[in-house]
Visitor: 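Structure in structure tokens, see below.
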Amino acid sequence: MLCRCLLFWILLRRADSFSVTVPSSPVLVVRGATALLPCEFEPNANALVITWQREEDARVVHSFYYERDQLERQSSDYFNRTKLNHKEFAKGNASLSIASFGLKDAGKYLCIVSNSKGSDRGVVHLVYAAFYSEPRLSILLKSTDVTVQYETEGYPRPEVMWLGSGGQNLTDHLEVSSASDGGLFYLKSSYIAQSPAFNVTFTLKNPAVHQKLQRHVNVSYDGNMSSRTSVVVLSVLCFFLLCSTGLLLWLYCRDRRK
Ligand SMILES: *[C@@H]1O[C@H](CO)[C@@H](O)[C@H](O)[C@H]1NC(C)=O
Ligand SMILES: *[C@@H]1O[C@H](CO)[C@@H](O)[C@H](O)[C@H]1NC(C)=O
Ligand SMILES: *[C@@H]1O[C@H](CO)[C@@H](O)[C@H](O)[C@H]1NC(C)=O
Ligand SMILES: *[C@@H]1O[C@H](CO)[C@@H](O)[C@H](O)[C@H]1NC(C)=O
Ligand SMILES: *[C@@H]1O[C@H](CO)[C@@H](O)[C@H](O)[C@H]1NC(C)=O
């Protein structure tokens with residue numbers, strides 16, 4: 001009841017000269033970061049009421065009146081994540097911070113401020129993005145071809161290209177799953193080479209966060225059994241053999257000591 005009266009009062013006072021200032025362009029917030037939603041008003045007046053809510057569905061994000069935070073009607077989506085800096089009110093700063101920013105927090109927020117001078121509102125638009133993680137490489141060797149594949153997660157959909165050694169655009173295979181609950185796209189991109197010797201470069205761009213990744217894969221083949229691939233396989237095998245022999249010896253010695 002009290003809130004409804006306040007809201008009514010806020011609406012009545014809208015025509016006044018009192019004004020609220022918010023950024024006109026969208027604010028980018030990276031996954032997991034603390035978002036700062038700027039909102040400024042003309043200070044030095046009594047009866048300050050600040051309400052932050054989602055524009056889309058009027059969910060209450062944070063409110064302040066009677067000189068204190070009022071969180072009874074706060075949406076559970078924002079529980080324990082929001083903060084208004086009371087010390088800043090005297091300067092006319094009603095900026096809100098939201099911790100652990102995620103995909104579901106992207107959208108429009110209303111900053112409604114009223115005091116004895118008047119009332120006004122502004123809309124702050126928050127945009128979500130996530131850096132793509134270090135791409136994981138896998139190589140599949142077949143008798144007919146070689147598949148090079150990278151997997152990574154981020155947001156939003158990136159621009160992916162595979163380039164040949166001369167910088168030419170190669171045809172690739174790209175799969176991007178829909179965003180998970182964690183707010184990340186899962187991306188899998190592969191290039192199939194018809195020859196066992198090739199140089200390719202995987203490039204990924206996430207323009208939202210100015211991220212550019214470039215990874216080279218150089219595969220060579222000298223045509224006989226002592227090829228580099230076999231040498232690598234053999235070295236890995238030898239390494240494991242040595243390790244397991246060492247482990248067995250160690251276990252044996254330890255048991256003998258007991
Ligand atoms: C609120 O968040 C703080 C740290 O951000 C945490 O220590 C505290 O346990 C949380 N409280 C509840 C009730 O979740
Ligand atoms: C408003 O307050 C926030 C802290 O709540 C601070 O980070 C920000 O710099 C302040 N803005 C201005 C314009 O002073
Ligand atoms: C891999 O190939 C690229 C050309 O595609 C070349 O610029 C780069 O130096 C090569 N890297 C190695 C380690 O040979
Ligand atoms: C590269 O080739 C793909 C199709 O193979 C095409 O969709 C893409 O637009 C090309 N990119 C550039 C920068 O030419
Ligand atoms: C790959 O790059 C290396 C180093 O730049 C070069 O020596 C080799 O010839 C290239 N191989 C192919 C198949 O282009």
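Just follow the structure's listing: the first ligand is 1, and inside any ligand the first atom is 1. Quick note: residue numbers are just sequence positions, from 1.
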Visitor: With no hydrogens and no angle check, do the side chains of Trp162 and Ser189 hold a donor and an acceptor under 3.5 Å apart?
Guide: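 Distance-only check passes for Trp162 and Ser189.
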Visitor: Check Leu84 against ligand 2 and report side chain, backbone, both or neither, counting heavy atoms closer than 4.0 Å.
Guide: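 Neither part.
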Visitor: If you draw the axis of the six-membered ring of Tyr155, does the NZ or CZ of Arg31 fall within 45° of it and under 6.0 Å from the ring centre?
Guide: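 The answer is no; the distance or angle limit is not met.
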Visitor: What distance do Asp69 atom CG and Ile50 atom CD1 have between them, rounded to the nearest 0.5 Å?
Guide: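 Atom-to-atom, Asp69:CG and Ile50:CD1 are 9.0 Å apart.
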Visitor: Can you tell me if Tyr128 uses its side chain to pair, donor with acceptor, with the backbone of Gly183 under 3.5 Å?
Guide: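 Here the side-chain-to-backbone pair exists.
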Visitor: Identify, for atom 7 (O) of ligand 2, the protein heavy atom at the shortest distance, and state residue, atom and that distance.
Guide: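 Looking only at protein heavy atoms, the one closest to atom 7 (O) of ligand 2 is Leu36 CD2, 3.7 Å.
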Visitor: What about Asn199: any of its N or O atoms under 3.5 Å from an N or O on ligand 5?
Guide: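 Yes; the residue has a nitrogen or oxygen that sits under 3.5 Å from a nitrogen or oxygen of the ligand.
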Visitor: So for Glu40, does at least one of its heavy atoms come nearer than 4.0 angstrom to any atom of ligand 2?
Guide: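 So Glu40 counts as touching ligand 2.
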Visitor: Taking all atoms of both residues into account, what is the closest heavy-atom pair of Leu204 and Pro158, and its distance?
Guide: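 That would be CG-CB, 3.9 Å.
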Visitor: Could you check atom 4 (C) of ligand 2 against the protein and tell me its nearest heavy-atom contact, residue, atom and distance included?
Guide: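 Result: Asn85 ND2, 3.8 Å.
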Visitor: State whether Tyr78 and Arg59 meet the cation-pi test: NZ (Lys) or CZ (Arg) under 6.0 Å from the six-membered ring centroid, and within 45° of the perpendicular axis.
Guide: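 That pair does not qualify as a cation-pi contact.
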Visitor: If we only count N/O pairs under 3.5 Å, is Asn93 in contact with ligand 2?
Guide: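 The answer is yes, given that Asn93 and ligand 2 share an N or O pair closer than 3.5 Å.
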Visitor: Give the atoms of ligand 1, by number and element, whose distance to some non-hydrogen atom of Asn80 is under 4.0 Å.
Guide: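 Near Asn80, the atoms of ligand 1 are 1 (C), 2 (O), 3 (C), 8 (C), 10 (C), 11 (N), 12 (C), 14 (O).
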Visitor: Looking only at side chains, do Tyr109 and Arg54 share a donor and an acceptor under 3.5 Å apart?
Guide: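 Judged by distance alone, the side chains do pair up.
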Visitor: Does the protein put a heavy atom less than 4.0 Å from atom 11 (N) of ligand 2?
Guide: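 True for atom 11 (N) of ligand 2.
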Visitor: Which of the numbered atoms in ligand 1 are below 4.0 angstrom from a heavy atom of Phe79?
Guide: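 This gives 13 (C), 14 (O) as the contact atoms.
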